Structures are given as C-alpha cells and as structure tokens.
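All ligand and atom numbering here is 1-based and tracks the order in the structure. Quick caveat: nothing in here was measured; it's all calculated off a predicted structure.
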Amino acid sequence: MTHTPTILLVDDSPLVHKVYGPPLEAAGFRVLHTSDGIAAINTAMTQQPDVIVLDIYMPKINGYQVCRLLKDHAATKAIPMILITGGEAGRLVADPKRWSFETGADAYIEKGSGDLVAEVRRMLVSAPPSKTRRHPRTPLTEVEIMTALSALLDKQLYHDVSHLQELNEKKSAFVSLVAHELKAPLTVIKGSIDNMGHGTYGGLSASQRACLALVNRTVDRLVRLIRELLDLTRIEAGRIVLQRAPVSLGELLHEVIADYQAEAAARQLIIQHEGLSAEAVVHGDRDRLEQVFINLLTNAIKWTPEGGMITVALSRHAQHLRVTVTDTGIGVGATHHERIFQLFERVDPEDGQGVGLGLPIARTLIELHGGRLWVESDGQHGSTFTVELPRVS
Ligand code: ADP
C-alpha cells in the first residue's frame with residue numbers, strides 16, 4: 001500500500017486553513033489542522049507528519065519557538081518544516097526569512113506569494129517519508145513544553161554568547177596584529193624624521209623644517225593611536241600587567257610638564273604647578289602613570305583656547321595622593337562627565353581629533369592601581385580631572 005504523505009498545517013487563523021487545506025488535499029496529501037504552537041508540538045510528536053507548515057505569528061508560543069523545539073527533539077528533527085508568514089511576522093523580528101532559517105526551518109514562504117503545494121512536494125523529495133522516523137511519542141503537557149522551551153532558549157543563549165565572545169576575541173587578536181604590524185614601519189619613519197631634524201643628512205631650510213615638524217606631529221598621533229589600540233586589546237583580554245615599584249609622583253609630574261611646556265607655549269598657554277613634592281610616593285607602574293598624566297595634560301592643552309591656564313596640583317591625604325589637572329578650557333557638560341570615560345565616546349564626534357580611547361584607558365590604568373579618576377566641570381569654566389591613588393608615603 002502506498003503511503004499518503006501527511007501534512008501538519010499550523011495557523012491560528014481559520015481562514016488560512018480554508019485557503020491552504022483544500023489545495024493540499026487536492027494534491028493528494030492528508031492534512032492535519034492545529035491552531036496553536038502547543039497543539040502543533042503534540043500533534044507532531046504523536047502523529048509524525050511528513051511535512052509541517054507553520055505560521056510564525058501565533059499567540060502563546062510562536063512559530064520560531066515551535067520550530068526550534070521540534071528541530072531539537074530526536075522524534076521530530078527530521079521532519080521538514082516550512083515557515084509561512086504574513087506581514088505580521090515583522091512584529092517579532094526585523095528579518096523573518098533569515099530568522100526562520102536560523103531557527104532551523106527548511107523553507108520559508110510568504111502567505112499569498114509562494115506556491116505552498118510545490119514547496120511541500122519539494123520537501124518530500126529532499127526528505128522522503130521514512131519508516132524509521134515513525135516513533136510516535138506520548139503527548140507533552142503545556143508545562144513540559146514550556147520547560148523544554150526555556151531549557152532550549154538557555155542553551156541557545158549560551159551558544160550565542162560563546163560565539164559572540166569567540167568572534168570578539170578574534171577581532172581583538174586581529175586589531176592587535178594590525179597594530180603591531182603598523183608599529184614597526186612607524187618606528188622607522190620616526191627615526192628617519194629625527195635624523196633629518198638633527199641635520200644628519202644636511203641642513204634644512206625653514207620651510208623644510210616646518211614640513212618635517214608637521215610630519216613628525218602626524219606620526220606622533222599615529223603612534224599614540226596604535227598604542228591606544230594595543231592597550232584596548234590588552235585591556236579587553238585582561239592582559240595589562242603593572243610593573244610596580246615606588247614612584248615619586250612629584251618627580252614624574254615635573255618631567256611630564258617639562259616635556260609639554262614648549263607645546264603649551266606655542267599655543268600661548270601657561271602650565272603652572274602646585275605641591276609637586278618628591279616625597280609623595282605611590283607603588284605603581286611608572287610608564288603607565290606617565291601615560292595617564294600625559295593624556296590628561298595633552299587633553300587640557302587641546303581643549304583650552306589660547307591664553308588659558310593649566311594647573312597641575314598634587315596634594316597628600318590620609319590614605320591617598322591626589323593629582324588634579326585643571327584647565328580654563330571649554331569644560332565638559334554634566335551629561336558627558338561619565339560618557340567621556342566610555343570607549344570611543346567624545347563630546348563632539350565631528351571634531352576629527354582622537355578616537356575617544358585616551359580617558360577610558362587612563363581610568364582603567366588608575367583603577368588597576370587601586371585608584372580613581374573623574375572629572376568635575378560646570379561645562380563653561382574649564383574642567384578639573386582628578387587622579388586619586390593609594391599612598392605609600
Ligand atoms: P581622545 O583621545 O579622542 O581625545 P579622550 O578619551 O582622551 O579621547 O577624551 C574624550 C573626550 O573628552 C574628548 O573628545 C573631549 O570631548 C573630552 N575632553 C577630554 N579632556 C577634556 C578637557 N580637558 N576639556 C574639555 N573636554 C575634554
């Protein structure tokens with residue numbers, strides 16, 4: 001006796017059953033009708049249809065969930081599933097077709113546009129009714145179905161999160177590789193510029209010097225960007241290791257200020273300092289602390305208009321040392337006080353300066369030292385960035 005293929009049609013709309021039922025029967029199929037996801041799962045388990053035609057947007061448990069659950073179950077995973085949808089599926093996800101295949105569907109058609117009978121025939125050819133598949137199961141209660149679904153969604157979520165993490169790690173490794181590759185040629189360029197500037201290849205005219213200075217500043221910006229990218233990947237991978245030793249903050253700040261006096265003077269800015277005592281010592285990574293103070297000082301120089309004043313002050317407190325970098329610049333509005341410490345955030349993304357990595361990295365470095373970094377500003381009269389570090393003396 002030849003087997004009559006059984007098609008399970010699942011839709012909460014009686015109209016759909018009226019529209020699709022007769023042509024399927026006319027094509028020689030036996031059609032089972034159910035109107036919700038729970039009944040669909042149980043009919044699929046107990047009746048073992050040869051193809052399931054499943055509406056997406058249904059109350060209680062939607063077509064994607066039914067599809068995922070049946071495709072995850074040994075008794076039903078081999079049954080081809082066609083997801084059908086009207087425009088309403090867009091209410092659940094932006095791209096119902098892609099999502100249907102993500103959830104395990106074998107085909108997807110839009111109500112009124114595809115040829116359902118032809119699609120069912122195609123499914124029967126690619127997955128012919130099989131006797132080995134027919135192991136009817138006892139029906140599941142609604143609670144059992146909901147529990148199975150929730151376990152499945154947890155599994156899926158875990159899989160998705162692990163997958164995203166894996167992708168993220170690959171991306172970080174790639175950024176790190178590119179940054180390393182860029183570093184070597186930039187070091188060569190930087191060395192050559194320095195040699196030219198020192199007259200190793202002969203004297204330079206004033207305009208050649210000006211041009212070289214511009215190249216030098218541009219290369220410095222690139223070097224800084226690459227360093228920030230490398231730091232970012234190290235932070236993401238939890239790979240920043242501090243080389244700690246006693247550091248005199250007073251001495252360190254004197255050096256940093258001296259390095260930037262010329263740049264400040266060129267912009268007619270005055271840098272003054274207060275309380276930079278050599279006895280103020282922290283247990284920290286000198287290079288990393290220097291990086292933080294350079295970031296704060298260069299930001300102050302960058303965001304303070306000509307004629308302004310920058311004050312670097314050091315003060316000792318019972319448990320910690322505090323360094324404040326105060327400028328008379330454009331300030332930071334209250335809504336941005338926390339934002340500027342987030343990765344890639346800048347007050348004005350259009351300004352074209354920097355990529356918004358400096359402050360988040362600086363804050364991470366200070367926190368690794370057991371300290372804090374924050375900003376105070378009324379958004380009009382300059383800003384004060386404060387670094388607080390546990391003190392040794
Ligand atoms: P970038 O490296 O792009 O300069 P940062 O993380 O160092 O990024 O700074 C983020 C943003 O914080 C800057 O784009 C700027 O809008 C704001 N900012 C930082 N320092 C100051 C300052 N001293 N005065 C005003 N705005 C500042």
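Of the protein's heavy atoms, Trp303 CD1, 3.4 Å lies nearest to atom 21 (C) of ligand 1. Nearest non-hydrogen protein atom to atom 8 (O) of ligand 1 is Gly356 CA, 3.3 Å. In this structure, the protein non-hydrogen atom closest to atom 19 (C) of ligand 1 is Asn299 ND2, 3.5 Å. In this structure, the protein non-hydrogen atom closest to atom 4 (O) of ligand 1 is Lys302 NZ, 3.1 Å. Scanning the protein heavy atoms around atom 11 (C) of ligand 1, the nearest turns out to be Ile340 CG2, 3.8 Å.
Contact analysis puts Phe385 in contact with ligand 1, with a non-hydrogen atom separation below 4.0 angstrom. Within the structure, ligand 1 lacks His336 among the residues with a heavy atom less than 4.0 angstrom away. Under the 4.0 angstrom criterion for non-hydrogen atoms, Pro360 is in contact with ligand 1.
Distances below 4.0 Å separate heavy atoms of Arg224 from the following atoms of ligand 1: 2 (O). Close approach of ligand 1 to Asn295 (heavy-atom distance below 4.0 Å) involves ligand atoms 7 (O). With ligand atoms numbered from 1 in the order given, ligand 1 contributes 10 (C) to contacts under 4.0 Å with heavy atoms of Glu345. Interface of Ser383 with ligand 1, defined as ligand atoms under 4.0 Å from a residue heavy atom, comprises 22 (C), 23 (N), 24 (N). With ligand atoms numbered from 1 in the order given, ligand 1 contributes 25 (C), 26 (N), 27 (C) to contacts under 4.0 Å with heavy atoms of Val332. Within ligand 1, the atoms closer than 4.0 Å to a non-hydrogen atom of Val347 are 16 (O), numbered from 1 in the order shown.
Within 6.0 Å of OH in Tyr201 there are more than 12 heavy atoms belonging to other residues, nucleotides or ligands. Around the NE2 atom of His159, the shell of radius 6.0 Å holds no more than 12 heavy atoms that belong to other residues, nucleotides or ligands.
For atom 5 (P) of ligand 1, the nearest non-hydrogen atom from the set Leu359, Val375, Asp327 belongs to Leu359.
Ligand 1 has a nitrogen or oxygen under 3.5 angstrom from a nitrogen or oxygen of Val355. Considering backbone and side-chain N/O atoms, Arg346 never comes within less than 3.5 Å of an N/O atom of ligand 1. Residue Asp348 places no N or O, backbone or side chain, under 3.5 Å from any N or O of ligand 1.
Residue contacts with ligand 1 for Arg363 are absent, since no atom lies close enough (heavy atoms, distance under 4.0 Å).
If you check the side chains of Arg227 and Gln291, you find a donor sitting under 3.5 Å from an acceptor. Side-chain atoms of Arg68 and Gln156 form a donor-acceptor pair, as typed in the model, at a separation below 3.5 Å. There is no side-chain donor-acceptor pair under 3.5 Å between Glu376 and Thr384.
Salt bridge Glu25/Arg30: absent, no basic N to carboxylate O contact under 4.0 Å. No salt bridge links Arg239 with Asp231; every basic N to acidic carboxylate O contact stays at or beyond 4.0 Å. A salt bridge does not link Glu263 with Arg267: every distance from a Lys NZ or Arg NE/NH1/NH2 to an Asp or Glu carboxylate oxygen is 4.0 Å or more.
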Q: Step by step, work out the ring pair (Phe, Tyr, Trp, His ring centres under 6.0 Å) result for His254 and His273.
A: CA-CA 8 Å; His254 270 300; His273 56 80; 4.8 Å; yes

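Ring geometry for Tyr108 against Phe101 counts as tilted: the plane angle lies between 30° and 60°, on a 0 to 90° scale.
Shown here are the ring-ring contact (aromatic ring centres under 6.0 Å, His included) partners of His73, two or more places apart in sequence or in another chain: there are none.
Atom CD1 in Ile235 sits 10.0 Å away from atom CD in Glu367 (nearest 0.5 Å).
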